[in-house]
Amino acid sequence: MEIGGQALIEGVMIKSKEKIAISVRKKDKIKTISQPTSKLSKKFSKIPFLRGIVVLIDTIYIGTKALMYSAKEQDEEEEISNKQIAITTIISFIMAIGLFVFLPLIISKLLTENRFLFNLFDGIIRIMIFILYIIVISFSKEVRRIFQYHGAEHMSIHCFEKKEPLTVKNVRNYPTIHPRCGTSFIAIVLIISIIVFSVVWHSNFIIKFLQRIILIPIIASLSYELLKFSSKHQNNLIIKTISSPGLLIQKITTQIPDDDQIEVAIEAVKEATS
């Protein structure tokens, strides 16, 4: 069984083919809830390329909802509605477009008009902004806690995939880095976008900007298929080269967790796979 997940605020979300489980630390206990995986996600899970688009949309929605749920569990007086989740998702998307699409385009335009160099600079700047963003937020104490839960999530998934009993001792034997991580996915997206935008070219700035938004689903789809392929062919030299940036970035986005954090991740994995 293939599972994935996401680190939350004092918690972990794990998604399997049949179930989504969320476990959060509540002082001296762990609270776990679960729900069935969406029918849409399961319906398209075996259709190459289309599944990447569906998974992207599904992951953004479920991930945002899970993150806000974990925040609410730390502050039970705060009520979070579906409308708030939708607004948060839209605002996050707009900010991402501005930071990772519009800004690199502006800087690249100031540097060159050469087709090859423009797309190369655009891609490199996008990657640099992403890495800088990760480094900056990593200084936050709260974000470092999330990065520890991210590590616990990966270690527990490794342990599950090796079919070992899910205990803190066993989980500690595994690395915090995982080839199917969303961080690796984003890194692959950034690399694939350089190639795609080199092929799809227009001299007009506005059209270039719109192309980068319209082609997001296609790039995400290609990246998803490459991520799935790379996770099964880690010894291939080409795959290693493509995967290496994402794995290196994971050294920042994952940190060694404590035992309490591992226990939370274990509970989420158990619930999602039961």
Side-chain angles (χ1 to χ4, degrees), residues 2-15 22-25 55-56 59-60 62-68 70-71 88-89 92-93 95-96 99-100 104 123-161 171-172 174-193 219-220 223-224 226-228 230-231 234 239-262 264-266 268-269:
E2 191 174 279
I3 61 174
Q6 177 181 318
L8 307 172
I9 299 171
E10 294 301 323
V12 170
M13 183 268 285
I14 296 291
K15 180 183 176 184
I22 298 173
S23 292
V24 293
R25 171 67 66 179
V55 166
L56 176 64
T59 299
I60 291 172
I62 292 171
T64 303
K65 191 174 181 179
L67 191 60
M68 295 187 76
S70 67
T88 301
T89 303
S92 299
F93 181 75
M95 290 178 65
L99 194 60
F100 297 109
I124 291 173
I125 292 167
R126 204 177 298 123
I127 292 170
M128 289 173 63
I129 289 173
F130 176 64
I131 294 173
L132 182 61
Y133 170 77
I134 294 296
I135 291 172
V136 169
I137 65 172
S138 70
F139 286 102
S140 163
K141 181 181 178 181
E142 290 76 15
V143 171
R144 284 200 300 273
R145 290 284 297 174
I146 293 175
F147 285 174
Q148 285 181 291
Y149 275 105
H150 194 189
E153 172 218 327
H154 285 178
M155 293 163 74
S156 299
I157 290 175
H158 276 301
C159 188
F160 171 79
E161 290 173 337
V171 169
R172 282 231 171 264
Y174 292 95
T176 60
I177 293 172
H178 197 286
R180 288 199 314 275
C181 173
T183 306
S184 291
F185 173 73
I186 293 172
I188 291 174
V189 165
L190 296 174
I191 293 170
I192 292 294
S193 66
I219 293 170
S223 301
Y224 180 79
L226 183 57
L227 182 68
K228 286 186 71 69
S230 65
S231 67
Q234 287 297 300
I239 294 301
K240 276 185 177 181
T241 303
I242 295 172
S243 302
S244 58
L247 298 178
L248 286 172
I249 294 171
Q250 280 188 58
K251 290 184 179 294
I252 304 174
T253 63
T254 62
Q255 300 293 323
I256 300 297
D258 59 33
D259 288 352
D260 286 349
Q261 291 167 322
I262 291 175
V264 172
I266 287 173
V269 172

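Values below: every heavy atom of this structure, side chains too, minus hydrogens, waters and symmetry copies. Quick note: residue numbers are just sequence positions, from 1.
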(request) Using modelled atom types only, decide if a donor and an acceptor are shared between the side chain of Gln6 and the backbone of Gly63 within a distance under 3.5 Å. (result) yes

(request) Identify, with sequence neighbours excluded, every residue that meets side-chain contact (heavy atoms from CB on, under 4.5 Å) alongside Ile191. (result) Pro245

(message) For the backbone of Ile60 and the side chain of Thr64, can you confirm whether one donor and one acceptor N or O come within less than 3.5 Å of each other?
(response) yes

(request) Enter the distance from Gln255:CD to Arg145:CZ here, rounded to the nearest 0.5 Å. (result) 12.0 Å

(request) Of all the heavy-atom pairs spanning Leu8 and Ile146, show the shortest one and how long it is. (result) O-CG1, 3.6 Å

(message) How long is the straight-line distance from CD of Gln261 back to CD1 of Ile256, given to the nearest 0.5 Å?
(response) 10.5 Å

(request) Give, for atom CG of Leu190 and atom CD1 of Ile131, the distance between the pair rounded to the nearest 0.5 Å. (result) 8.5 Å

(request) Indicate the atoms forming the closest heavy-atom contact of Ser184 with Pro179, along with that distance. (result) CB-O, 3.9 Å

(request) Mind checking the CD1-CD1 spacing from Ile124 to Ile129? Nearest 0.5 Å is all I need. (result) 12.0 Å

(message) I'd like to know whether Leu67 forms a side chain to side chain contact (heavy atoms under 4.5 Å, CB included) with Met13, so could you lay out the CA-CA distance, the side-chain angles of the two residues, the decisive distance to 0.1 Å, and finally the verdict.
(response) CA-CA 9 Å; Leu67 191 60; Met13 183 268 285; over 6 Å; no

(request) Report the C-alpha separation of Val24 and Glu10 in whole Å, then their side-chain angles, then the decisive distance to 0.1 Å, and conclude whether the side chain to side chain contact (heavy atoms under 4.5 Å, CB included) test is met. (result) CA-CA 6 Å; Val24 293; Glu10 294 301 323; 5.6 Å; no

(request) Tell me, please, which residues at least two apart from Ser140 pass side-chain contact (heavy atoms from CB on, under 4.5 Å). (result) Glu142, Val143

(request) Considering non-hydrogen atoms only, spot the tightest contact between Thr183 and Thr253 and give its length. (result) OG1-OG1, 3.3 Å

(request) Under the side-chain contact (heavy atoms from CB on, under 4.5 Å) rule, collect the residues that match up with Leu248, sequence neighbours excluded. (result) Lys251

(request) Under the side chain to side chain donor-acceptor pair (under 3.5 Å) rule, what do His150 and His154 come out as? Steps first, then yes or no, please. (result) CA-CA 6 Å; His150 194 189; His154 285 178; 3.1 Å; yes

(message) Can you give me the closest heavy-atom contact between Gly11 and Val264, atom names plus distance?
(response) CA-CG1, 3.9 Å

(request) Test Thr254 against Phe147 for side chain to side chain contact (heavy atoms under 4.5 Å, CB included), laying out the working first. (result) CA-CA 5 Å; Thr254 62; Phe147 285 174; 5.9 Å; no

(request) Starting at CD1 of Ile252, measure out to CD1 of Ile135 and round the result to the nearest 0.5 Å. (result) 4.5 Å

(request) List for me each residue that meets salt bridge (Lys or Arg N to Asp or Glu O under 4.0 Å) alongside Arg144, sequence neighbours excluded, and say none if there are none. (result) none

(request) Give a yes or no answer on whether the side chain of Gln250 reaches the backbone of His178 with a donor-acceptor pair at less than 3.5 Å. (result) yes

(message) How close do Ile249 and Ala187 get, counting heavy atoms only, and between which atoms?
(response) CD1-CB, 4.4 Å

(request) Using side-chain contact (heavy atoms from CB on, under 4.5 Å) as the criterion, list what pairs up with Val189, not counting sequence neighbours. (result) Phe185, Ile219, Ser223

(message) Please report the interatomic distance CD1(Ile192) to CG(Leu227), rounded to the nearest 0.5 Å.
(response) 11.0 Å

(message) Test: salt bridge (Lys or Arg N to Asp or Glu O under 4.0 Å). Region: residues 124-137. Which pairs qualify, not counting sequence neighbours?
(response) Asp122-Arg126

(message) Please give me the minimum heavy-atom distance between Ala71 and Ile9, naming the atom from each residue.
(response) CB-CD1, 3.7 Å

(message) Let's go through Ser23 and Val12 carefully: what are the C-alpha distance in whole Å and the side-chain angles of both, what is the deciding distance for side chain to side chain contact (heavy atoms under 4.5 Å, CB included) to 0.1 Å, and is it a yes or a no?
(response) CA-CA 5 Å; Ser23 292; Val12 170; 5.5 Å; no

